[in-house]
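Inspection log for the structure reproduced underneath, given as structure tokens.
Excluded from the calculations below are hydrogen atoms, water molecules and symmetry mates; all remaining heavy atoms, backbone and side chain alike, are included. Keep in mind that what you see is a predicted model, and the values were worked out from it rather than measured. Each ligand, and each atom within it, is numbered from 1 in the order the structure gives.
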Amino acid sequence: MSSNVQFINDQWLAGEGKTFKSIDPARNEVVWSGESASEQQVDTAVMAARAAFPEWSHTSFEDRLAICKKFSELLEQNKERLARVMAAETGKPVWETRTEVGAMIGKVGISERAYQERTGTVENEMPGAKAFIRHKPHGVVAVYGPYNFPGHLPNGHIVPALIAGNTVVFKPSELTPHVAQVTVELWQEAGLPAGVLNLVQGEVETGKALSVHPQIDGLYFTGSSNTGHLLHKQFGGRPDKILALEMGGNNPLIVTNITDVDAAVHNIVQSAFITSGQRCTCARKLFIENTEMGGKVLDRLVEVTENILVDDYDADPQPFMGAMISAKAASQMVDAQNELVQLGGKPLVKLKQKDSNLGFVTPGIIDMSGVEHAPDEEYFGPMLKVYRFNDLDDAIAKANDTRYGLSAGILCDDEATYRHFFKHIRAGIVNWNKPITGASSAAPFGGIGASGNHRASAYYAADYCSYPVASVEADTQSLPETLAPGLKF
Ligand SMILES: NC(=O)C1=CN([C@@H]2O[C@H](COP(=O)(O)OP(=O)(O)OC[C@H]3O[C@@H](n4cnc5c(N)ncnc54)[C@H](O)[C@@H]3O)[C@@H](O)[C@H]2O)C=CC1
Ligand SMILES: O=C(O)CCC(=O)N[C@@H](CCC(=O)O)C(=O)O
């Protein structure tokens, strides 16, 4: 168990707030416990980041990058250890947490390229002067992470923020404090100067204390739509602070006119059930054409789903799905399914919680065709709602009938149908014949509507990590050949 769990100004300190614990959802065992950061400690962390900012922002880009590269080497060396910490804390199978650490490693190189490409220096000649576009960091930024990718998603804010010269106060999900602690230990070992990255652990109170702190210049958030909306209200009337919100989705996937049934079913399963449905990009609504082909896809999907292996994160053979983040999250999925059944949904594969003390659920599919008023909610787990359709444009209209707009996809054999779908669908990620999960870090990542606030992450994270400065520069001054009317020299 941990005692010094807060990292403030290069010191590991015990929290002064209430105790909280992290539970292995596959075993119902405590894997970590510690005291949360008090409001005073959050203040100390922000002020440490403030004090570190001038020197860090004036450190050369090459030197900042060298520390980030060292961090990525340390991740490589500690890959298995971190993957196992992640698995125990989230329930995700180790094959998957290994890929998560891999994504963290890759983030440094990608962020370096993105920094140069999106926020590099541009020089243009003009008469008697030069015009420059340069970028400067914002200052102290708060980074909030969710539990589903406790390493990769906060890392996707922290790395570009540090590369750009910001200092950071990191508030991880209270469900994954151990992953955060190990990650920040590696940053310390990489040689970050004191105060450049601070870690404040705790529950909602800690999150609130940080988000209202007057000395933060920006807040980068990945998490639920509810919390993101609260933060957006809180930042209302504060144009001086940058707020980047990556939130949830109620994502559609349409199937029409395909020949390879197994390939389509594989894409559906990867879209809906990977990470036990705990990705914000997961497909939640599947629209299947009311044809013989559609019937075959659905039958095969049911068959494959019933055979998905759900098991312990380190079981051999490895399962496709591990436990969900908690027993509570698992039972909430059962409740959500019951709610949809009450509304008229017909389970085709019933989602079941195997043991009420554990986070394991089997994946579920529910036919919602004809149910008019299903809530536009993101049920953050492995439950797929199916809608049969006769007309593609009706299906696209229903796919767009959501306040969210994160990811969307179509499985179809002909390009014209895809182009039509692309033209009419509203989402930040639009895929064709590929899963709608697994977004690339080398592309912008974000959604419209209730999914975000137009500050896309991943490759475009560089954009919200610095502000542009336009300069017109001349090394001497001279009078213009033609003076403005009314001036005499
Ligand atoms: N669009 C995206 O990139 C992604 C979005 N998500 C979304 O995240 C959700 C799951 O993550 P969770 O950890 O449950 O999200 P969450 O919103 O509960 O928590 C995220 C962070 O905000 C903090 N927080 C919670 N309430 C707060 C408040 N009132 N003031 C300040 N801070 C507060 C939490 O302590 C945590 O650090 C899902 O809804 C999912 O869709 C998850 C991954 C990626
Ligand atoms: O942030 C990145 O580097 C790329 C985006 C990404 O990794 N997205 C993942 C999962 C994150 C989530 O839960 O949305 C995906 O699309 O599967």
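Among the atoms of A439, some N or O lies under 3.5 angstrom from an N or O of ligand 2. The N/O atoms of L406, backbone and side chain alike, include none that comes under 3.5 Å of an N/O atom in ligand 1. For ligand 1, the polar-atom distance check finds no N/O of E203 at less than 3.5 Å from any of the ligand's N/O atoms. Remark: ligand 1 and E378 share an N or O pair separated by less than 3.5 Å (distance only, no angle test). Checking only distances, L153 never comes within under 3.5 Å of ligand 2, N or O to N or O.
With a 6.0 Å radius and a threshold of 12 heavy atoms from other residues, nucleotides or ligands, F422 has its CZ atom at or below the threshold. Surrounding CZ of R426 are at most 12 heavy atoms belonging to other residues, nucleotides or ligands under 6.0 Å away. For K354, the NZ atom is densely surrounded, since the number of other residues' heavy atoms within 6.0 Å is greater than 12.
Using a 4.0 Å cut-off to heavy atoms of S173, the atoms of ligand 1 that qualify are 37 (O). Against a heavy-atom cut-off of under 4.0 Å, T437 is close to the following atoms of ligand 2: 16 (O), 17 (O). Which parts of ligand 1 touch T222 is read off a 4.0 Å heavy-atom cut-off, strictly below it: atoms 2 (C), 3 (O), 4 (C), 5 (C), 43 (C), 44 (C). Atoms of ligand 2 found under 4.0 Å from any heavy atom of K107 (numbered from 1 in listed order, with element): 1 (O), 2 (C), 3 (O). Close contacts of ligand 1 with E246, meaning ligand atoms under 4.0 Å from a residue heavy atom, involve 1 (N), 2 (C), 3 (O), 5 (C). Atom numbering of ligand 1 starts at 1 in the shown order; those under 4.0 Å from a heavy atom of K171 are 34 (C), 35 (O), 36 (C), 37 (O). Counting the atoms of ligand 2 from 1 in the order shown, those under 4.0 Å from a heavy atom of A458 are 1 (O), 2 (C), 3 (O), 4 (C). The ligand atoms of ligand 2 that sit less than 4.0 angstrom from a heavy atom of N148 are 13 (O).
Across G156, G223, P146, A142, heavy-atom proximity to atom 7 (C) of ligand 1 is greatest for G223. Scanning G438, S407, A103 for the heavy atom closest to atom 15 (C) of ligand 2 points to G438. Counting heavy atoms only, F380 comes closest to atom 10 (C) of ligand 1 of the residues F380, Y144, Y404. Considering each of S441, G446, G249, the one bringing a non-hydrogen atom nearest atom 2 (C) of ligand 2 is S441. The closest heavy-atom contact to atom 15 (O) of ligand 1, among the options S224, G447, G248, comes from S224. Comparing R279, Q278, Q270, H152 by heavy-atom distance to atom 7 (O) of ligand 2, the nearest is H152.
Using a cut-off of 4.0 Å between Lys/Arg side-chain N and Asp/Glu carboxylate O, E73 and K69 are scored as not salt-bridged. The pair E377-R284 does not meet the salt-bridge criterion, since no charged nitrogen lies less than 4.0 angstrom from a carboxylate oxygen. Under a 4.0 Å N-O distance rule, the pair R98/D314 does not qualify as a salt bridge.
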Run the side-chain donor-acceptor check on residues 326-333: report pairs under 3.5 Å with partners two or more places apart or on a different chain.
unit_1	atom_1	unit_2	atom_2	d
S326	OG	K328	N	3.4
S326	OG	A329	N	2.9
S331	OG	K328	O	3.2

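A tilted orientation is assigned to the rings of F7 and W12, their planes being inclined by 30° to 60°. Relative orientation of the F61 and Y115 rings is parallel, given thresholds of 30° and 60° on the angle between their planes. The aromatic rings of H138 and Y467 are tilted relative to each other, their planes meeting at an angle between 30° and 60°.
Protein heavy atom at the shortest distance from atom 2 (C) of ligand 1 is C280 SG, 3.0 Å. Of all protein heavy atoms, the one closest to atom 34 (C) of ligand 1 is E174 OE1, 3.4 Å. Here the heavy atom of the protein found nearest to atom 14 (O) of ligand 1 is Y147 CE2, 3.2 Å. Regarding atom 25 (C) of ligand 1, its nearest protein heavy-atom neighbour is T227 CG2, 3.5 Å. In terms of protein heavy-atom proximity, atom 1 (N) of ligand 1 is closest to M247 O, 2.4 Å. For atom 36 (C) of ligand 1, the nearest protein heavy atom (residue, atom name, distance) is G145 O, 3.6 Å. Given atom 3 (O) of ligand 1, the protein heavy atom at minimum distance is F445 CE2, 3.1 Å. Residue, atom and distance of the protein heavy atom nearest to atom 22 (O) of ligand 1 are F221 CE1, 3.4 Å.
Neither the backbone nor the side chain of L210 has a heavy atom within less than 4.0 Å of ligand 1. With a 4.0 Å heavy-atom cut-off, ligand 1 is reached by the backbone of P172 but not by any atom from C-beta on. Contact annotation: for N148 versus ligand 1, heavy atoms closer than 4.0 Å belong to the side chain alone.
Here OG1 of T362 is found 5.5 Å from NZ of K352. Values are rounded to the nearest 0.5 Å. The structure places CD of E89 at 3.5 Å from OG of S22, a figure rounded to the nearest 0.5 Å.
Looking at heavy atoms from C-beta onward, Y460 lies out of side-chain contact with P160 at the 4.5 angstrom threshold.
Within the 4.0 Å heavy-atom cutoff, F149 does not count among the residues contacting ligand 1.
Under the 6.0 Å cut-off for aromatic ring centres, Y144 and F170 do not qualify, their centroids lying 6.0 Å or more apart. Ring to ring, Y220 and Y464 are close: their centroids are under 6.0 angstrom apart. Taking the centre of each ring, W95 and Y313 stay at or above the 6.0 Å mark.
Taking the ring axis of F149 as reference, the NZ or CZ atom of K92 stays within 45° of it and closer than 6.0 Å to the ring centre.
Without hydrogens or angle criteria, N78 side chain to L75 main chain gives no donor-acceptor distance under 3.5 Å.
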